[in-house]
There are 8 protein chains.
Amino acid sequence: MDSKPVALILGSDSDMPKVEGTVKALAELEIPCDVQVLSAHRSPDRVVEFARSAEERGVRVILAAAGGAAHLAGAIAAHTNLPVIGIPIQTDALGGVDSLYSTVQMPAGVPVATMAIGAGGATNAGIFAAQILAIGDTALKERLKARKLALEQSVGDKNRRVQERMREMGWGGS
Amino acid sequence: MDSKPVALILGSDSDMPKVEGTVKALAELEIPCDVQVLSAHRSPDRVVEFARSAEERGVRVILAAAGGAAHLAGAIAAHTNLPVIGIPIQTDALGGVDSLYSTVQMPAGVPVATMAIGAGGATNAGIFAAQILAIGDTALKERLKARKLALEQSVGDKNRRVQERMREMGWGGS
Amino acid sequence: MDSKPVALILGSDSDMPKVEGTVKALAELEIPCDVQVLSAHRSPDRVVEFARSAEERGVRVILAAAGGAAHLAGAIAAHTNLPVIGIPIQTDALGGVDSLYSTVQMPAGVPVATMAIGAGGATNAGIFAAQILAIGDTALKERLKARKLALEQSVGDKNRRVQERMREMGWGGS
Amino acid sequence: MDSKPVALILGSDSDMPKVEGTVKALAELEIPCDVQVLSAHRSPDRVVEFARSAEERGVRVILAAAGGAAHLAGAIAAHTNLPVIGIPIQTDALGGVDSLYSTVQMPAGVPVATMAIGAGGATNAGIFAAQILAIGDTALKERLKARKLALEQSVGDKNRRVQERMREMGWGGS
Amino acid sequence: MDSKPVALILGSDSDMPKVEGTVKALAELEIPCDVQVLSAHRSPDRVVEFARSAEERGVRVILAAAGGAAHLAGAIAAHTNLPVIGIPIQTDALGGVDSLYSTVQMPAGVPVATMAIGAGGATNAGIFAAQILAIGDTALKERLKARKLALEQSVGDKNRRVQERMREMGWGGS
Amino acid sequence: MDSKPVALILGSDSDMPKVEGTVKALAELEIPCDVQVLSAHRSPDRVVEFARSAEERGVRVILAAAGGAAHLAGAIAAHTNLPVIGIPIQTDALGGVDSLYSTVQMPAGVPVATMAIGAGGATNAGIFAAQILAIGDTALKERLKARKLALEQSVGDKNRRVQERMREMGWGGS
Amino acid sequence: MDSKPVALILGSDSDMPKVEGTVKALAELEIPCDVQVLSAHRSPDRVVEFARSAEERGVRVILAAAGGAAHLAGAIAAHTNLPVIGIPIQTDALGGVDSLYSTVQMPAGVPVATMAIGAGGATNAGIFAAQILAIGDTALKERLKARKLALEQSVGDKNRRVQERMREMGWGGS
Amino acid sequence: MDSKPVALILGSDSDMPKVEGTVKALAELEIPCDVQVLSAHRSPDRVVEFARSAEERGVRVILAAAGGAAHLAGAIAAHTNLPVIGIPIQTDALGGVDSLYSTVQMPAGVPVATMAIGAGGATNAGIFAAQILAIGDTALKERLKARKLALEQSVGDKNRRVQERMREMGWGGS
């Protein structure tokens, strides 16, 4: 492990495809990110070791993705004062409500900042980490502004596609 | 801490009234029980220390009660091979569904045996611990049998009370 | 039926694929297991007969898997003082919340130790039975320890795969 | 027990106040009713004995009220071909969703006809039993018709009260 | 329409495959059944007309299947004193919880006897109708008894298949 | 009944306190409103009669409040092309989720415009009726604008109260 | 943008297939409709601009479709007194309960008239808009009446298909 | 308004008692906090104005508390790149699940970091803001460390109280 400012911890390597949005968002915003598979239940000592040493190794924001009885983010938050962001993974039986409740319903004293269930939440974890880091980083602030502007413009593009579709279907368009 | 066969761990002393049923059931079945307040999020090192040393200190079954993002039972189960029984505490906002999901939805490899939300679940945690210990303890087996018989008889008593009530209300009775 | 220490009862043979994890976990831990299809609603007398005679036939832990109005585990627990472990089967309409509530919300006096909905819960039922039996069985204790260690090591392997993937995608790795 | 046509079975005498509506509805419709406290989990043999002998003792419809992992109605239905009506009792933690799912989600082959959670459901269990019995009973049919008419008229009375209230509050009325 | 003792009303012809279990169960029990598509919301006058005239046309039990804001059973029950059985159809977005609540949560005075969401519930609606009709029909009672016995025996057959499977997988069998 | 432009239909007079916000909002906006107690299940013919004749009696918008299996709004909508607005009443057991699903999940062809569960939803039903009527009524449009402005100003007042409170508690204020 | 009386706003062009029912219903009822992609979160200024100017541009009813934390309808309603109709889009993880709650649970003062989750709700949004516009438009009233009649007749057609199917399956028919 | 680093925005002054934990946590950590009442639905222009100017006025983290269709945090996040933390207020009808879903289920691109429903979540919002600000503030880091230590020690104190209680009740203690 090294001194990248963001660490993304996964409960299982099978969650990797579900958090690619996180990695992509961070890459687009030029924020180096360390990805580790660590399990609150299967390798708990590694989680403690990671959480305790993260700050001095230069990590500044920790992201944790887990599903079911999703204790990973909370277990990390118990051992550090760094901001911890939880990504609740969608589950087969309960749709991810179990992951959401296990991640967000933390007791007073040990916060986990929770994102949406699913792909949107994974992307937003990366952006939120960037928003935290941007407080002391003007260049990153500019990249975030550019991203927000692009997002707004993409809505305009989508609007144009819908107008075309309306015309194709003979329903007019504006 | 000492060598009592059952340990009951609470996330907070405010949960004590909610698990009195556990303590009472164990007392009735003459099973010594050690009660400790330890928090998965607020005193995580104490939890690890407890879980790791429990077996060699003579603990044979661990009960853990917590509410909300209820990680306590799972955090203990991560560090021991002793049977861990989870008691999901009822919560104000979500009724305890959050506690239930956080306790029961454990990943493959690290089981937490979960009881009902609320007072019945707390009592049952004590009885279930006794059922485990009774496997190698004939005297305890007899006490459990007596308890089950008493339970059945109490239903008969309740039935008689209902017949009286029916007669009082002029609706007859059998 | 014979004197295997663990009995796994299914409400239907269609649940067999859903509880293979239970059978595998027990086989890996070298615990003989008797599997029976018995239905709380369709063959209730067989369930009573099984539950009542289990202890004297040498069964020490009973596992029961059912879905929907999942009464199987509770119906067995009503007739025995052996520890009963419930496995709530995922359902089509309600995802298994119906199975979970029907299994876990038992009244005071008759506990059912409930596992997670789905495959993880099935595997864990086998491991939890082993944890109970290990209380008086040093060799089994060692097998459980080895399993837990292997589990921890598998997380390390998964981590290595993720680092490779990160490098392949040009996102670095540690 | 005797040959009353309707039997109402309660899981606990504490449920008596919650099913008074059942008893009242049956009394108003002049249908004798036997009330018994029997528990699917605490006195299961008594439940089996009751269910098996009900038909020959002259019972024609069985009502069963229970809460939580509410197996009572289903346990009875497993042992009889008489129509069984389930009354899911409201619960503290989960509002009665647990009782509802445990009662209604029965597997193919063993139906339980389920009423609403709460007081309305209890009253309706009595009326539904009457509707079944009325198939071969013209006098009862007339009493049901009279009840339905009275119900309709009570809505008219309520309407008049609301008009008065509207006038009192200076909002007019029709 | 004619004088068949059971009428099965569907909100839409697209629900036909979902209630084939009802029709089959009734056919096996030799109970003639009239199936009609009538909608509480799209053809409400037809529903009223049907419900009002059902009794005098010889209908003795009414089954109604609908999904979403499933008012069909309740709308019929408002206009008749015949027993009305509701079948909540599984829905895409909410799994059928919407159908279940709309069907079962009827106010005091107008009961709808509700079956499980899904195929099992549809089958059970047919069986429950038979149980009602069997009160005054000894031959039907015998057919129901035979069905229940066959159901119990089918569990024995399933058990044998599982033992075979266990042997095939090298896990033994009893 | 008369020719007021808005009719508010209640399933029961006990719902009157829960919809006072509707009546007040309409009174403030100077819109005459007829309130009637009519039940989809207890006086269904009156509901049909009301719904069918509403338009020609001069009603232009219909509001309907009901709880549980809340069919009232849908039953009215089945018989008219006037806009029907549903107010789901909060319920004891399920919090009003049953009312909400029964009101909002209408099938294609028969819309019910649904408001929030509880007091806010009742008030909003009145305002929404006004927004519909304001399309052809400039004076009403002005009253709605004034109401919206007052609402915005009330937020400013609330803000001032919070600043005072902050100062009182020694936490400053702006 | 132009002066069409109905505007349908989508949070994303990917929602277009989900709201085709809205566009078709409006087209059948000969109501011109402007479709725009605007996002409450990604292009909030465009939403404000649209909502503020809608009335003077001739828009009379606004429909808004969004999923997840579905703020679009509410954000528009905050800026206009035109009637706003919300269409909650079904979501992958939570089935659309998130969309429904975010759309319907509006605070007192700012109503959003909410339709069902899914395709039926989308169609109904178009019909409800037509019902509003028909208040001052006799020709549209006639088209709505014709539509309702056709709907009723289609139920008759469906009924005939079911009778045929019953005969094909050898189950008779009426 | 001034240049305090944290702004806490409430949808209503009635939410003030529910977020006192936020204000207290920030006060204890010596972080100045500006509290404002602004409503996404009732004073939307003020929300936009606040969100747009926050960064240049020196705000570095924004906290937003709202209930029901809780759009406040999302509406602010749409207009700024500052980190926005959402506090879902518990609600009467739905317990706050509506608030939670409306706050957390944000679409990709516009994150809201969500805390638990209720008092614990309010306190944690203050602590999480501090954790963000501590990244560039060594003194604050020390205060957070001291707080975490005190939290751990308070668990020890609670444990001692439980031991006393156990002794008082005659159940022993360690």
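So that the names make sense, note that chain A is the first sequence line, chain B the second, and so on, each numbered from 1. For the numbers below, each heavy atom of this structure counts, side chains included, while hydrogens, waters and symmetry mates do not.
No part of G:Arg160 comes within reach of chain E, as not one of its non-hydrogen atoms sits under 4.5 angstrom from that chain. In this structure, the portions of G:Val155 lying under 4.5 Å from any heavy atom of chain E include both its backbone and its side chain. Proximity to chain G (any heavy atom under 4.5 Å) is shown, for E:Asp98, by neither the backbone nor the side chain.
Between chain G and the residues E:Thr91, E:Leu10, E:Asp92, E:Leu26, the most heavy-atom pairs under 4.5 angstrom are made by E:Asp92. Among E:Ala93, E:Ala27, E:Ser43, E:Gly95, the residue with the largest count of heavy-atom pairs under 4.5 Å with chain G is E:Ala93. With chain E as partner, the option from G:Glu152, G:Met169, G:Gln153 having the largest number of non-hydrogen pairs under 4.5 angstrom is G:Glu152.
The environment of E:Lys141 atom NZ is dense: over 12 non-hydrogen atoms of other residues, nucleotides or ligands sit within 6.0 angstrom.
Under the 3.5 Å distance criterion, the side-chain polar atoms of G:Ser99 are matched with a main-chain donor or acceptor of G:Ile89. Although no hydrogens or angles enter the test, the distance criterion places no donor-acceptor pair under 3.5 Å between the side chain of G:Thr22 and the main chain of G:Gly126. The backbone N or O of G:Leu29 sits less than 3.5 Å from a side-chain atom of G:Arg143, completing a donor-acceptor pair.
Nearest heavy atoms, E:Ile117 versus E:Val97: CD1-N, 4.2 Å.
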